[in-house]
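In what follows, every heavy atom counts, from backbone to side chain, and hydrogens, waters and symmetry copies are set aside. Counting from 1, the numbers follow the sequence of the chain as shown.
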Amino acid sequence: MANGKLNVLSHPLIGAELSKLRQATTTAKEFREGVEHIALILGYEASRDLEEETFGSETPVAPFTGTRIKPRIGLAPILRAGLGMTDALLKLFPSAPVYHLGLYREKISLQPVEYYSKLPQSPPVERVILLDPLVATGGTACAALTMIEDWGIAAKHVKLLCILGSELGLKHVQESYPDLEIWVAGVDPVLTADGIISPGLGDTGDRLFNTLR
């Protein structure tokens, strides 16, 4: 389902995987596998409109005209939960550089705090795929987009991929960056006063890396 530049995937496989991720009984191994599976499908769908270029080569039988992706793609996972989506996107774009962005949400103000950036001085890529499994308030995604735009890549050349978002958080991101293309596997209606998506997935980073108390 598409709403402007917001694309919500509707597919039985996505629904089944997302339902498994929601369950508190799902193990860390199963959670990692589910996130990677959904991220792979998101990556396929989000890359449908990438520009192609042709080249000539030969098979063992005869010459042929092939195609390849024209723009240079970079991946930007938001630490630490974005790491859970990175391997899936590297399967699609194995030569893509990975630019880690360190952001955390301050617990009282719920505002994002930057603590790390692996963005080089100038962009050697033309498109960026931003990986953020959960968009709750949308503050962290917006902060990452500000970093990327300040780096020199406009939001219209960025695709945000996320596993789950709140209605409010996604609206915030859309209003802040109307040219941004968003791909999400599911949307929940409730965002608690503590900035937690409900029913949600819980703390994605802790569930990915088995650091729950």
Report task. Check whether any side-chain heavy atom of Tyr104 sits under 4.5 Å from a side-chain heavy atom of Pro112, and report yes or no. Result -> no

Query raised in the report: So, do Ile153 and Val158 sit near enough that their side-chain heavy atoms are less than 4.5 Å apart?
Result: yes

Query raised in the report: Transitively linked via ILVMFWY side-chain contacts under 4.5 Å: Leu134 with Val190?
Result: no

Query raised in the report: In terms of side-chain geometry, is the basic nitrogen of Lys29 or Glu33 positioned less than 4.0 Å from the acidic oxygen of its partner?
Result: yes

Query raised in the report: Can you tell me how far CG of Leu9 sits from CG of Leu161, rounded to the nearest 0.5 angstrom?
Result: 8.5 Å

**Report entry** Separation between OG1 of Thr65 and CZ of Phe55, rounded to the nearest 0.5 Å
**Finding:** 9.0 Å

**Report entry** Salt-bridge criterion met for Asp49 and Lys159 (N-O under 4.0 Å)
**Finding:** yes

Query - Stepwise side-chain hydrogen bond (donor to acceptor under 3.5 Å, both in side chains) test for Asp206 and Thr211 - result: CA-CA 5 Å; Asp206 282 339; Thr211 51; 2.6 Å; yes

Query raised in the report: Is Glu53 atom CD crowded by more than 12 heavy atoms from other residues, nucleotides or ligands, each under 6.0 Å away?
Result: yes

Query raised in the report: Which pair of non-hydrogen atoms, one from Leu6 and one from Gln174, has the smallest distance, and what is that distance?
Result: CB-NE2, 3.4 Å

Query raised in the report: Is Ile196 reachable from Leu208 through a run of I, L, V, M, F, W or Y residues, each pair having side-chain heavy atoms under 4.5 Å apart?
Result: no

Query raised in the report: What class does the angle between the rings of Tyr99 and Trp151 fall in, given that below 30° is parallel, 30 to 60° is tilted and above 60° is perpendicular?
Result: perpendicular

Query raised in the report: What pairs with Asp203 under salt bridge (charged side-chain N to carboxylate O under 4.0 Å, His left out), at least two apart in sequence or on another chain?
Result: none

Report task. Nearest 0.5 Å please: distance from the CE atom of Met147 over to the CG atom of Leu103. Result -> 5.5 Å

Query - Pair Thr146, Glu149: side-chain N/O donor-acceptor within cut-off below 3.5 Å - result: no

**Report entry** Minimum heavy-atom distance between Arg207 and Leu201, given as atom pair plus value
**Finding:** NH1-O, 2.8 Å

**Report entry** side-chain hydrogen bond (donor to acceptor under 3.5 Å, both in side chains) between Gln23 and Thr26, worked out
**Finding:** CA-CA 6 Å; Gln23 296 177 65; Thr26 297; 4.9 Å; no

Requested in this report: Could you check Trp183 against Glu181 for side-chain hydrogen bond (donor to acceptor under 3.5 Å, both in side chains), going step by step and ending with a plain yes or no?
Outcome: CA-CA 7 Å; Trp183 291 81; Glu181 192 174 308; 2.6 Å; yes

**Report entry** Non-hydrogen side-chain atoms of Tyr116 and Leu101 separated by less than 4.5 Å
**Finding:** no

Query raised in the report: Any ion pair linking Lys70 and Glu52 (charged N to carboxylate O, less than 4.0 Å)?
Result: no

**Report entry** Distance-minimising heavy-atom pair for Pro124 and Arg72
**Finding:** O-NH1, 3.0 Å

Query - Close side-chain approach of Ile182 to Lys5, heavy-atom, < 4.5 Å - result: no

Query - Common cluster, Leu92/Leu13, ILVMFWY with side-chain heavy-atom separation under 4.5 Å - result: no

Report task. Please report the closest heavy-atom contact between Ala185 and Ile38, naming both atoms and the distance. Result -> CB-CG2, 3.6 Å

Query raised in the report: Below 4.5 Å, heavy atoms only, C-beta onward: do Thr137 and Leu168 meet side chain to side chain?
Result: no

Report summary line: Tightest non-hydrogen contact, residues Gly186 and Leu18, listed as CA-CD2, 3.9 Å

